[in-house]
Asker: 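Take a look at the following structure, please.
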Number of protein chains: 2
Amino acid sequence: MTSSRGYHHGDLRRALLAAAVEAIDEAGPTALSLRDLARRAGVSHAAPAHHFGDKAGLLTALAAEGFDLLAEALEAADDLLAAGVAYVDFAVRHRAHFEVMFRPELYRADDAELIAARGRSSAALRSGVATLSTDDASADTDRDALAAWSIAHGFATLWLAGALPDRVGADPHDAARTVLRRLFD
Amino acid sequence: MTSSRGYHHGDLRRALLAAAVEAIDEAGPTALSLRDLARRAGVSHAAPAHHFGDKAGLLTALAAEGFDLLAEALEAADDLLAAGVAYVDFAVRHRAHFEVMFRPELYRADDAELIAARGRSSAALRSGVATLSTDDASADTDRDALAAWSIAHGFATLWLAGALPDRVGADPHDAARTVLRRLFD
DNA sequence: GTGGCATCTTGTCAATGGCAAGATAGGATC
DNA sequence: GATCCTATCTTGCCATTGACAAGATGCCAC
């Protein structure tokens, strides 16, 4: 079905999103070009407009997809440390999605589908934090959630930016686990 | 000197960097246009090229300036908590610089001046961490530095992205202090 | 089989980045 | 003081892009 060579592509919307991931992995979201995506998918330069309206529309869809994938990854984690590591793993494995998700000026933050997906992510994060603070009456869940989110998000962002020194190593999974333990233990 | 209306601007390089900060504050680094900067500075569309070569050149200069400003801010902090809060304050007060600094695909990461400025920032951060770990022989300075950097960077990034829930409040300074204490106390 | 509609194409326009060639000014040298 | 010399800035140009408009195509309901 992906090789249907008629006038109709078959699943152009999906193909464009996949091409966008590829292009963003290569050169970042700034360099993204709708016409380039159209070329990658083998359609005319104006075809993407029908499915996404404009560039912001395409990135909105990509961000929503990203928040859904992130929610899945967080929900599969057993405890907070695992969730933190899963967060970093997600950022590395789905770099393109991640880079768009936290750049709201690139998409329409008021999109309904996106807000719903982001809500699922937030809920998964908060339920992870809840596993920590059951034994301590003085615990501040809000603060703990914010601290956990911050350290995981910060490590992931710095890793993707290539800002971390070489001595951290080449495996983000292990490095993240080591760093996150500093907060969670 | 800023109002010299002759053929020569006076200090076009500085004026363009200032205009870039303004433009990025308004619409993010992605929407930055060299021609728009030229218009803001009152010069022709090709004038910026002489000072910065191309867009990446201008953003390289902006990132280097940012790392210098960050180093100054970190060096003025007394302890690690203060450094963390200063890091977040810097990100909020110099949003445009910060947003470019950690997006290496936008500039030339091999620029000598930029590498030197980034080195000053890193040194300031590490010296802040050193104030923490003097009393504990089992302390892992590398890990602590990474954790501290991650949580400050993550909080700053999430704040700038508008990703934090409303209940965090409107003052990044106080909110950052509260969250960072979770790691540093 | 016919009409309707989603999908895709072609054509066009303004804006942008970048390059080339020329104009101007301010200072160095004599 | 005249002349060159070089950094600075301008004008002109081209390929690429995003967005829009109008038309072509094919699938599906009826």
Side-chain angles (χ1 to χ4, degrees), chain A residues 1-20 22-24 26-63 100 103-108 111, chain B residues 1-20 22-24 26-63 96 100 103-108 111 113:
Chain A
M1 110 183 15
T2 58
S3 65
S4 76
R5 42 185 150 280
Y7 202 92
H8 285 64
H9 180 280
D11 198 356
L12 182 56
R13 185 188 161 90
R14 180 77 50 186
L16 288 172
L17 286 174
E22 211 177 276
I24 294 173
E26 290 171 14
T30 299
L32 188 68
S33 150
L34 287 182
R35 288 169 114 100
D36 177 51
L37 298 187
R39 280 188 292 267
R40 288 175 194 246
V43 294
S44 82
H45 64 87
H50 180 73
H51 293 275
F52 300 104
D54 57 3
K55 204 175 185 174
L58 185 141
L59 293 177
T60 303
L62 200 68
V100 173
R103 221 160 292 174
E105 79 273 12
L106 294 180
Y107 57 83
R108 274 183 270 282
D111 180 78
Chain B
M1 85 178 46
T2 58
S3 65
S4 77
R5 43 184 149 279
Y7 202 92
H8 285 65
H9 180 279
D11 198 355
L12 182 57
R13 184 188 162 90
R14 179 77 50 188
L16 288 171
L17 286 175
E22 213 177 273
I24 293 173
E26 290 171 14
T30 298
L32 189 68
S33 149
L34 286 181
R35 289 170 113 100
D36 177 52
L37 298 187
R39 279 189 295 268
R40 289 175 194 247
V43 294
S44 82
H45 66 86
H50 180 74
H51 292 276
F52 300 104
D54 57 2
K55 205 174 184 175
L58 185 140
L59 293 177
T60 303
L62 199 69
V100 174
R103 219 160 293 174
E105 79 273 13
L106 294 180
Y107 57 82
R108 273 182 272 281
D111 179 78
E113 216 171 321

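Note on naming: letters A, B, ... go to the chains in the order of the sequence lines (proteins, then strands), and numbering restarts at 1 for each one.
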Asker: Could you walk me through whether B:D36 and B:E22 pass the side chain to side chain contact (heavy atoms under 4.5 Å, CB included) test, one step at a time?
Answerer: CA-CA 11 Å; B:D36 177 52; B:E22 213 177 273; over 6 Å; no
Asker: Of A:A49 and B:G42, whose nearest nucleotide on DNA chain D comes first from the 5' end?
Answerer: B:G42
Asker: Hey, is the side chain of A:S33 poking within less than 4.0 Å of OP1 or OP2 on D:dG18, counting only N and O atoms?
Answerer: yes
Asker: Does any non-hydrogen side-chain atom of A:L32 lie less than 4.5 Å from one of A:L37?
Answerer: yes
Asker: How many whole angstroms separate atom CG of B:L16 from atom P of C:dG17?
Answerer: 13 Å
Asker: In whole angstrom, what separates B:L58's CG from C:dG17's C1'?
Answerer: 13 Å
Asker: Choosing from D:dA19, C:dA6, D:dC9, which nucleotide comes nearest the side chain of A:H50?
Answerer: C:dA6
Asker: Flag the pair B:R108 / B:D54 as yes when at least one side-chain heavy-atom distance between them is below 4.5 Å, and no otherwise.
Answerer: yes
Asker: Look at the side chain of A:H45 and decide which nucleotide, out of D:dT10, C:dG18, C:dG11, has an atom nearest to it.
Answerer: C:dG11
Asker: Without decimals, in angstroms, what is the distance between A:L34 CG and D:dA19 P?
Answerer: 6 Å
Asker: Within the structure, does a side-chain N or O atom of A:R39 lie under 4.0 Å from either OP1 or OP2 of D:dT17?
Answerer: yes
Asker: To the nearest angstrom, how far is A:K55 atom NZ from D:dA19 atom P?
Answerer: 7 Å
Asker: Nearest whole Å is fine: how far is C:dC19 P from B:F52 CZ?
Answerer: 16 Å
Asker: Could you check whether B:L32 gets within reach of a base, just the sugar-phosphate, or nothing at all, counting any heavy atom under 4.0 Å?
Answerer: sugar-phosphate
Asker: Taking CG from A:L12 and C1' from C:dT7, how many angstroms apart are they, rounded to a whole number?
Answerer: 9 Å
Asker: Minimum heavy-atom separation for A:P29 and A:R103, please, with both atom names.
Answerer: CG-NH1, 3.5 Å
Asker: Classify the nucleic acid contact of B:A47 as base, sugar-phosphate or nothing, counting any heavy atom under 4.0 Å across all strands shown.
Answerer: base
Asker: If you apply the rule side chain to side chain contact (heavy atoms under 4.5 Å, CB included), what do you find for B:F52 with B:L62, and how did you get there?
Answerer: CA-CA 11 Å; B:F52 300 104; B:L62 199 69; over 6 Å; no
Asker: For the pair made of CG in B:D54 and P in C:dG17, what is the distance, rounded to whole Å?
Answerer: 11 Å
Asker: Write down the distance between CZ (B:R13) and P (D:dA7), rounded to a whole number of angstrom.
Answerer: 15 Å
Asker: Can you tell which of D:dA19, D:dT10, C:dT16 lies closest to the side chain of B:R35?
Answerer: C:dT16
Asker: Across the strands shown, which category fits B:H51 at heavy-atom distances under 4.0 angstrom: base, sugar-phosphate, nothing?
Answerer: sugar-phosphate
